Amino acid sequence: SLSSFISRSSSSSRLSEFVDAKTELQDIYQDMSHFLSSFVTILEESILLEDLQMLKKLCNFASKVEAIQNVLSRNRMKVAFFGRTSNGKSAVINALLHEKIMPSAMGHTTSCFCQVQANSTDEPEHVKIEQEEEHLELSALNELVSAHSPRALKPRTLLHVNMPKNRCSLLDYDVVLMDTPGVDVTAQLDDCLDSYCMDADVFILVLNAESTISGVERQFFKEVASKLSRPNLFILNNRWDVASSQEPEMEQQVKDQHMERCMKLLMDDLGVYSDEEQARQRIYHVSALEALQLRNGCNTNPTLQTQERYLEFQRFENDFSACLAESALKTKFGHHLLSARELLTELEATLITPLIAKVNQLIKENVERRQDLNVEIEDRQRENIEESQEFQIVSEELDELALDVGRRVLR
Ligand code: GTP
Ligand code: MG
């Protein structure tokens, strides 16, 4: 059926690996933190174990663990979208969200950086300018980030678009989508790119399949690639619905030409892939608009071509999700797992082992003292018995004496 065709996607299974790993790692750090605080309590409450230096060390450990817990809770998978104005960056994001959230229109639209993510708490949906407290209605998005509006935010602004977790599974799996203004604008904003985008796990270049990759786009990605070692890069030749229907007899040739140019970009210009097949797999011909229309129920009768383009969109979604989860697992959690191991080893060597030795020593001393006491008690008891035996003898002798005396008196 159409609905199962539309929802057929396996991206979630890979993304859940990230969420599961995050939960597991958070549990490890949670356990460590409980363990440390009970140790601190024992040390603080026991006069015998009093050791200020050890207490200080333990508190240091505890604050390290807390800092990592904070970083862990903020860790999410990030995808950044780039491309020239009107290529459909915002449209791709909307298709991934299954609903039109981001303003998407002809001409220069997205006016600033927009980070779409799930709420961390149960707050209702809202938008919020970073560094500001005020929560604004989601409906204010059009006014705030559409360059067509007089109130549009300045390009350097970072806007948080916070959605309820259950609104979209991608966001629920801890994925953050970064929408950006066109490359002509973003290329001028080096500092913003560094602080808002360079920590992305996956970069998606959205091209317009009706034309061909431009010099600005190529130059822009050369700079991105020079800042990062081998970024995970995907290329979408978007608006393929329009491009492929203009001269249907040319469809394959146009596709081949896009492929060739995109592969040249990935392999020769950027050097992010050395393997031809791998590079080819990261290039897609899609229609974000059609994908959105299928997903939000606006198209209930898709043509065969639309279905094919939609399958390609799903291939893109599955591939980038898998890559995203794999990359984020490595970069975000790899060293925290290592840190956990190192912290535990250090904790054991510098604190637990000496502490256990100390406790053992105390127990030993206690046992010895008790043994000494026992010996003393036994001695005393023995003396008592001997004394009472003597007493017995004396009393028997006395009895006998008394009897003797009695007999003599009677006589
Ligand atoms: P800026 O925000 O200005 O940088 O543009 P953008 O890259 O975000 O493009 P946007 O999503 O605003 O799309 C521009 C226009 O193209 C909108 O009218 C979309 O509806 C339309 N559009 C986007 N993708 C497709 C597509 O695959 N097919 C068709 N036919 N139209 C599309
Ligand atoms: Mg946009």
Side-chain angles (χ1 to χ4, degrees), residues 79-116 127 141-149 152-159 161 177-189 192-193 196-197 203-214 216-217 220-221 234-248 251 254-255 258 283-296 298-299 302-303 305-317:
V79 193
F81 296 79
F82 297 99
R84 247 181 333 164
T85 292
S86 288
N87 284 3
K89 300 174 288 300
S90 308
V92 173
I93 291 178
N94 290 335
L96 293 171
L97 295 172
H98 292 234
E99 58 179 315
K100 187 173 176 183
I101 303 282
M102 299 310 296
S104 163
M106 289 314 291
H108 168 42
T109 302
T110 309
S111 69
C112 68
F113 292 83
C114 302
Q115 176 168 319
V116 189
V127 295
L141 258 180
N142 257 318
E143 218 184 331
L144 292 172
V145 300
S146 165
H148 305 286
S149 137
L153 295 167
K154 298 263 180 314
R156 287 180 189 283
T157 321
L158 175 61
L159 188 76
V161 181
L177 304 169
M178 178 65 85
D179 196 2
T180 64
V183 158
D184 327 49
V185 182
T186 38
Q188 318 294 316
L189 306 172
C192 294
L193 287 175
Y196 304 157
C197 304
F203 296 82
I204 293 166
L205 171 57
V206 183
L207 296 178
N208 182 354
E210 290 165 277
S211 59
T212 182
I213 183 164
S214 71
V216 199
E217 283 161 326
F220 174 80
F221 265 92
F234 289 74
I235 300 183
L236 288 181
N237 290 287
N238 189 39
R239 303 177 69 93
W240 187 232
D241 54 329
V242 187
S244 62
S245 63
Q246 268 158 6
E247 288 94 19
E251 182 177 335
V254 176
K255 202 174 198 172
H258 286 156
I283 301 162
Y284 307 81
H285 286 79
V286 296
S287 166
L289 192 63
E290 283 181 336
L292 174 64
Q293 287 167 343
L294 281 171
R295 289 181 162 181
N296 68 9
C298 286
N299 182 359
T303 63
Q305 285 92 335
T306 299
Q307 291 183 31
E308 269 171 29
R309 284 187 287 270
Y310 183 66
L311 285 176
E312 176 82 341
F313 189 86
Q314 284 189 322
R315 180 173 77 89
F316 156 69
E317 199 172 29

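All residue numbers in this chain count up from 1 along the given sequence. Each ligand, and each atom within it, is numbered from 1 in the order the structure gives. Since we're looking at a predicted model, the values are computed, not measured. Side-chain atoms are counted along with the backbone in the values below, which use heavy atoms only and exclude waters and symmetry mates.
Looking only at protein heavy atoms, the nearest one to atom 10 (P) of ligand 1 is Ser104 OG, 3.4 Å. Ranking protein heavy atoms by distance to atom 24 (N) of ligand 1, first place goes to Asn238 ND2, 3.0 Å. Lys89 NZ, 2.8 Å is the protein heavy atom nearest to atom 4 (O) of ligand 1.
With ligand atoms numbered from 1 in the order given, ligand 1 contributes 3 (O) to contacts under 4.0 Å with heavy atoms of His108. For ligand 1, the atoms lying closer than 4.0 Å to a non-hydrogen atom of Gly182 are 4 (O). Atoms of ligand 1 found under 4.0 Å from any heavy atom of Ser287 (numbered from 1 in listed order, with element): 26 (C), 27 (O), 28 (N). Atoms of ligand 1 found under 4.0 Å from any heavy atom of Leu289, numbered from 1 in the order shown, are 20 (O), 25 (C), 26 (C), 27 (O), 28 (N), 29 (C), 30 (N), 31 (N), 32 (C). For ligand 1, the atoms closer than 4.0 angstrom to any heavy atom of Asn87 are 7 (O), 9 (O). Each of the following atoms of ligand 1 lies closer than 4.0 Å to a heavy atom of Gly107: 3 (O).
For a threshold of 3.5 Å applied to N or O pairs, the pair formed by Trp240 and ligand 1 contains no separation below that value. Ligand 1 has a nitrogen or oxygen under 3.5 angstrom from a nitrogen or oxygen of Ala91. Checked against a 3.5 angstrom limit, the closest N/O atoms of Val286 and ligand 1 fall outside it. Taking distance alone, with nitrogen or oxygen atoms compared against 3.5 Å, Ala288 approaches ligand 1 more closely than that limit. For Gly88, a nitrogen or oxygen atom sits less than 3.5 Å from a nitrogen or oxygen atom of ligand 1, counting backbone and side chain alike. Between Thr109 and ligand 1, at least one pair of N/O atoms sits closer than 3.5 Å. Looking at ligand 1, you won't find any N or O of Thr180 less than 3.5 Å from one of its N or O atoms.
The Mg ion (ligand 2) lies under 2.8 Å from an N, O or S atom belonging to Ser90. One of the N, O or S atoms belonging to Thr110 lies under 2.8 Å away from the Mg ion (ligand 2).
Exactly one residue among His258, Lys255, Glu210 makes a side chain to side chain contact (heavy atoms under 4.5 Å, CB included) with Asn237. That residue is His258. Screening Leu292, Leu96, Asn238 for a side chain to side chain contact (heavy atoms under 4.5 Å, CB included) with Phe313, the sole residue that qualifies is Leu96.
Evaluated by nearest non-hydrogen atom to atom 12 (O) of ligand 1, the leading choice among Pro181, Ala105, Ser90, Ala291 is Ala105. Between atom 29 (C) of ligand 1 and the options Asn208, Thr85, Asp184, Asp241, the minimum heavy-atom separation is to Asp241.
Pairing each heavy atom of Ala152 with each of Ser146, the nearest pair is CB-O, 3.4 Å. Shortest non-hydrogen contact noted between Arg84 and Ser211 is NH2-OG, 3.3 Å. Residues Phe113 and Cys192 approach most closely at CE1-CB, 3.6 Å, considering heavy atoms. When all heavy atoms of Cys112 and Thr157 are compared, the pair lying nearest together is CB-O, 3.5 Å. Closest approach of Ser111 and Leu153 over heavy atoms only: OG-O, 3.1 Å.
Panel note: side chain Ser287, backbone Asp241; no donor-acceptor pair is recorded below 3.5 Å.
Between Phe220 and Phe82, the gap from one ring centroid to the other is short of 6.0 Å.
Ring geometry for Phe234 against Tyr284 counts as parallel: the plane angle stays under 30°, on a 0 to 90° scale with 60° as the upper cut.
Arg309 and Glu312 are not joined by a salt bridge, as no carboxylate oxygen comes within less than 4.0 angstrom of a charged side-chain nitrogen.
Counting heavy atoms closer than 4.0 Å to ligand 1, residue Val242 contributes side-chain atoms (C-beta onward) but none from N, CA, C or O.
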